[in-house]
Amino acid sequence: MRLVTWNINSVRLRLDQLRRIVREQEPDVVCLQETKVADGSFPMGEIRDMGFDHVMIRGMKSYNGIAILSKTPFTALPGRDWCGKQDCRHGAIAFDSGLEVHNFYVPAGGDLPDPDENDKFAHKLAFVDEMTEVFSTANGASKILMGDLNIAPLENDVWSHKQLLKIVSHTPVEVEKLTRAKQAHDWVDALRHFVPADRKLYTWWSYRARDWQAADKGRRLDHVWVTPDLTGRLEAAEVLKEARAWEKPSDHAPVMVDIGMSA
DNA sequence: ATGGTGGAAGGTCCA
């Protein structure tokens, strides 16, 4: 089973790029974040034409929004108003096998890393705390959690650990909370299962760099976590960096994972 | 210390 997660930064603007990813990677499941479209305006016909007959969308006008695209049927799991907001940052499904897929778009958190001065940062911290709560009491089903978590936890998940310690996405308080959330359900980091922690690994490069490839000041904001029972079935995990170099790209690269499915 | 770019808007907000 192949899954892809991608912060697409407007699904309507990048349908052609999504088609290319689907054609080249042939994923069974795609989790999108920042679809930026209300449900009534979601390009459902185009998505079905790509081979995804089963789609969950949770969108709003202009901001946020997630979608889960699947070639096989699933059951939608109950939604949740994270932090008491209806801001379309999570969706979850279960396949007939019992396997659950959770798609997350964690708040970016604004610029100032102080929850007392910056409501967006406070929201981000509260959101990750709620992830810890929810999954510490979750059922024992096999699960895949993927999406834009907007936090780069390891030193080599950013281009300069020292220079980003006060930059939102890599501050110690966020990293600590994400680490706690990961431990709360014994999640396994699928990308780092294949790429050792001493190697740089990024999924996002800012639009604001003059030459993003030359500068290579990236961060690993997008993640794939699996429950421990799936660890032995991890076959591959990879950042599809080439998509960041396409014309009119998202600032995030897609991340792909292959999981062997026993009969 | 600042600003750099991009998307959805059709103001500005958000990333």
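An OP1 or OP2 oxygen of B:dC14 is reached within less than 4.0 angstrom by a side-chain nitrogen or oxygen of A:Lys120. Here A:Lys248 reaches the OP1 or OP2 of B:dG7: one of its side-chain N or O atoms lies under 4.0 Å away.
Picking from B:dG7, B:dC14, B:dA9 the nucleotide with the shortest atom distance to the side chain of A:Asn9 gives B:dG7.
Figure legend: A:Lys71 and A:Phe52 shown as a cation-pi pair, the cationic atom lying under 6.0 angstrom from the six-membered ring centre and within 45 degrees of its axis.
The CD-C1' distance, from A:Gln17 to B:dG6, rounds to 13 Å in whole Å. Atom-to-atom, CZ of A:Arg244 to P of B:dT5 comes out at 13 Å; the value is rounded to the nearest Å. One interatomic measurement links the two molecules: CG of A:Asn150 to P of B:dC14, which rounds to 14 Å at whole-angstrom precision. Whole-Å rounding puts the A:Tyr63 OH to B:dG6 P distance at 18 Å. Rounded to an integer number of Å, the gap from CH2 of A:Trp205 to P of B:dG6 is 17 Å. Across the protein-nucleic acid pair, A:Met60 atom CE and B:dC14 atom C1' stand 11 Å apart, rounded to whole Å. Between A:Arg12 atom CZ and B:dA9 atom C1' there is a gap of 11 Å when expressed in whole angstrom units. The CZ-C1' distance, from A:Arg208 to B:dT5, rounds to 7 Å in whole Å.
Map A:Leu13 and A:Asp148 each onto its nearest nucleotide of DNA chain B; the residue landing nearer the 5' end is A:Leu13. Of the two residues near DNA chain B, A:Ala38 and A:Arg89, the one whose nearest nucleotide lies more 5' is A:Ala38.
No donor-acceptor pair under 3.5 Å is formed between the side chain of A:Asp216 and the backbone N or O of A:Trp159. A donor-acceptor contact shorter than 3.5 Å links the side chain of A:Asn156 to the backbone of A:Ala197. In terms of modelled atom types and a separation under 3.5 Å, the side chain of A:Thr203 and the main chain of A:Asp222 share a donor-acceptor contact.
Comparing the C1' positions of B:dG11 and B:dG7 gives an interatomic distance of 15 Å, to the nearest angstrom. Taking the C1' atoms as reference points, B:dG4 lies 13 Å from B:dA15, given to the whole Å. With both ends at atom C1', the span from B:dC13 to B:dA9 equals 9 Å, rounded to whole Å.
Under the 4.5 Å side-chain heavy-atom criterion for grouping Ile, Leu, Val, Met, Phe, Trp and Tyr, A:Trp246 is connected to A:Val11 within one hydrophobic cluster.
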